[in-house]
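Source: prediction; values computed, not measured.
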Amino acid sequence: MTDFSDIPVSMQALLAPLSGGLRETAARRYAVQHAVLHQRLFSLYGQRPDFPQWYAVLLGAVGGLLARRPIALQAQDARREADPDWFLDQRMLGYCSYVDRFGGSLQGVAHRIPYLEELGVRYLHLLPFLRPRSGENDGGFAVASFDDVDPKLGENGDLDRLADKLRQAGISLCSDFILNHVADDHAWAQAAKAGDPAMRDYFIVYPDRTMPDRHEATLGQVFPQVAPGNFTYVEAMGGWVWTTFYPYQWDLNYANPAVFAEMAQALLRLANRGIDVFRLDSTAFLWKREGTNSMNQPEAHLLLQALRAIVAIAAPGVLLKAEAIVPTRELPAYLGNQGSDGGAAECHIAYHSSLMAAGWGALAEQDAALLKAVIARTPDLPPAASWLSYVRCHDDIGWNVLRSEAAEEGGDAAARLAKIARFYTGAEGSYAAGASFQSSDPNAAHGSNGATASLLGLQSAGNEVERDAALRRNLLLHGLALAFGALPVLYMGDELAQLNDNSYLQRPQHAMDSRWLQRPYLDDVALLQRDDAGTDAGRMFMGLRALLGARRRLPALAAGAPRTVLPSAPALLALARGDDFICLCNFSARAQTQALDGAWSDCLTGQAFSGEVVLEPYALLWLERAT
């Protein structure tokens, strides 16, 4: 038994609530994490005279939450600590949906688990299901309570039972954890409006427009049409509250250490209920600095690294995923800087939004140059980390993450991206049925919305040839996401080729937000057709399932396996994973030829190729070296 009598006060605080083996385990984990945790938090808050006491209280709270962690989750922590690469292999597959649109309720999602198992899903991201703001709530991203389930979706016990059933099925549950803001009816905001000075300091409030105007000079706008500006006057606060997103979403003041402590504990409480992965929403916005766009500030990374260290102590089986929709060059920071002096791990997973956008750009331009540039700029992963690849999600396709790559060949990058954006509204002679997002300027590179199948031409198809082309484009993008080297996530309905949901236009609270085009309910008719090759749903589902089956047996497609772009025609992407696998993607409406070195076979059909291969329009080929 280790003697804990001669240890620092902070470590004593951590260990005080613990006993037996768990106490020893916590001491071991803290010994590994202490340097990073203390240094990051001291960098942020060490100038405060009460820092030592605050730090000890924080660690005491972390120890208390570890003491209350269920035995089953402690056992899972131990297994995952022993195998930190557990989420990197080629069998990992994610699925993302809103609770109500997938299963109606949390109980309904539990009934869909056999369907997820049929697909091979091992990671389920349920979009916001915690109690949201009353009234408008940004699709649940305006959270009123981190400890209560949205009553429209069920009760807290339903969440606990769902997490347990998913764990028994080998599926990790992912929840959004909105770090940047809370709803204006959250208890903290209500207390602040009632005059509590401590709660007021949880937010960023200015008495007049002097500082807001100075900040606005360099800030962007997330929703310029429906929520212009970054500050909202709140009479009860007697000033201007920082509201990056909507006026009812109040940004948190992370310069106040109490905010960090509260949020870290809220995350651990959810982890103790069985949440395995946290999508850390709006991570780029956490720290504000005058004279900048207040995105990707160094302090934001210090906060995330400290949070990662706390998770490693109290719930090391949990993954953190950065929702940072930023250019490729800014992505690696969200996975940490472990190779540098004083470096630290940050998030385990980061969205590769540039890869996603570049795939769509390649189809619009019938040229893979943007995609090749993005892949060339994608760095190797640090240990125990993964990109997240995807074709669509609940948000718009944002083109500005590609500004740097779009400028590589000279010319006007903004005009190039704006042309791609127009393509996905159905302009430029396009097959797409989509809508622009938050822009009234037809020459701007606005975001693009729409369901995958609709954006790829299935909705506008007038004959079988056009339908076939639309489905091939769909499998092409999914094949790229599955082969790239990441944790791929399917967006609900895409596996069944569901089309745009225009019903949002009849709902006043949604009518101004075209993102609801791609937020449909799961089509039960299409679900029943998934094995019928005579239907669009069946062709898409069966084609995707064949790719998924092949991927599971190909270690070359694991997240950390080597990746090389081979020479190819402009419209082709030839992506090698190691020496024995090549993913070939034809992004054009014309057949393309690719030279091959040696003998290869199609991973799906077994067809043999050597010398060269001809790819039909929008064809996808997965080739493995013949033995």
Side-chain angles (χ1 to χ4, degrees), residues 90 352 354-376 378 387 389-391 452 456-457 468-486 488 539-540 542-559 561-627:
Q90 73 280 4
H352 203 329
S354 299
L355 177 75
M356 177 274 298
W360 288 96
L363 280 174
E365 295 186 322
Q366 296 193 52
D367 188 304
L370 277 175
L371 188 56
K372 293 173 183 177
V374 165
I375 296 173
T378 299
W387 304 114
S389 61
Y390 60 115
V391 174
T452 297
L456 294 177
D468 182 66
L471 289 166
R472 280 188 280 119
R473 287 188 285 262
N474 205 332
L475 288 170
L476 174 66
L477 288 186
H478 279 89
L480 171 64
L482 292 170
F484 176 74
R539 290 168 66 187
M540 181 63 203
M542 295 167 73
L544 181 59
R545 189 168 57 184
L547 290 172
L548 294 172
R551 181 176 183 270
R552 285 193 289 271
R553 66 172 182 80
L554 293 167
L557 299 188
R563 180 190 308 111
T564 307
V565 175
L566 304 176
S568 65
L572 280 181
L573 174 69
L575 180 66
R577 302 298 312 284
D579 297 325
D580 300 323
F581 177 90
I582 302 175
C583 172
L584 295 176
C585 302
N586 180 4
F587 289 93
S588 79
R590 295 186 177 183
Q592 304 285 327
T593 302
Q594 176 68 25
L596 297 174
D597 175 19
W600 299 79
S601 63
D602 188 318
C603 294
L604 302 182
T605 67
Q607 182 179 353
F609 298 95
S610 62
E612 66 177 24
V613 58
V614 176
L615 283 91
E616 295 303 316
Y618 306 118
L620 168 77
L621 274 181
W622 282 4
L623 301 179
E624 54 187 333
R625 192 177 293 278
T627 55

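Between W387 and H352, the angle of the ring planes lies from 30° to 60°, which puts this pair in the tilted group.
Rounded to the nearest 0.5 Å, atoms CD1 (I375) and OG1 (T564) are 10.5 Å apart. With values rounded to the nearest 0.5 angstrom, L476 atom CG is found 12.5 Å from L471 atom CG. Taking CG of D580 as the reference point, atom CH2 of W600 lies at 6.0 Å (rounded to 0.5 Å). Rounding to the nearest 0.5 angstrom, the gap separating the CG atom in L363 from the CG atom in L477 is 5.0 Å. Of the inter-residue distances, the one linking C585 atom SG with Q594 atom CD reads 11.0 Å to the nearest 0.5 angstrom. Atom CG of L475 is separated from atom CG of L482 by 10.0 Å, given to the nearest 0.5 angstrom.
No side-chain heavy atom of Y618 sits less than 4.5 Å from a side-chain heavy atom of D468. Within the 4.5 Å cutoff, the side chain of R563 has heavy atoms near those of the T378 side chain. Contact of the V614 side chain with the E616 side chain is registered, since non-hydrogen atoms from C-beta on lie closer than 4.5 Å. Proximity of S389 to M356: side-chain heavy atoms (C-beta onward) are nowhere separated by under 4.5 Å.
Within the structure, side chain to side chain donor-acceptor pair (under 3.5 Å) pairs that include any residue of residues 361-375 comprise E365-R416, K372-S568 (at least two apart or interchain).
Between C583 and L620 the shortest heavy-atom distance is SG-CD1, 3.8 Å. Between V565 and L575, the shortest heavy-atom contact is CG2-CD1, 4.2 Å. In plain terms, the two heavy atoms of P555 and A561 that are nearest each other are O-CB, 4.2 Å. Across every non-hydrogen atom of A619 and L615, the tightest pair is O-CD2, 3.9 Å. In this structure, L584 and A574 approach most closely via the heavy-atom pair CD2-CB, 3.5 Å. Residues A362 and A368 come closest through the heavy atom pair CB-CA, 4.1 Å.
At distances below 3.5 Å, not a single donor-acceptor pair connects side-chain atoms of R551 with backbone N or O atoms of A483. In terms of modelled atom types and a separation under 3.5 Å, the side chain of R552 and the main chain of Q90 share no donor-acceptor contact.
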* To do: With side-chain contact (heavy atoms from CB on, under 4.5 Å) as the test, would you mind laying out the steps for L355 and Y390 before giving the verdict?
  => CA-CA 8 Å; L355 177 75; Y390 60 115; over 6 Å; no

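Remark: R590 CZ is loosely packed, at most 12 non-hydrogen atoms of other residues, nucleotides or ligands lying under 6.0 Å away.
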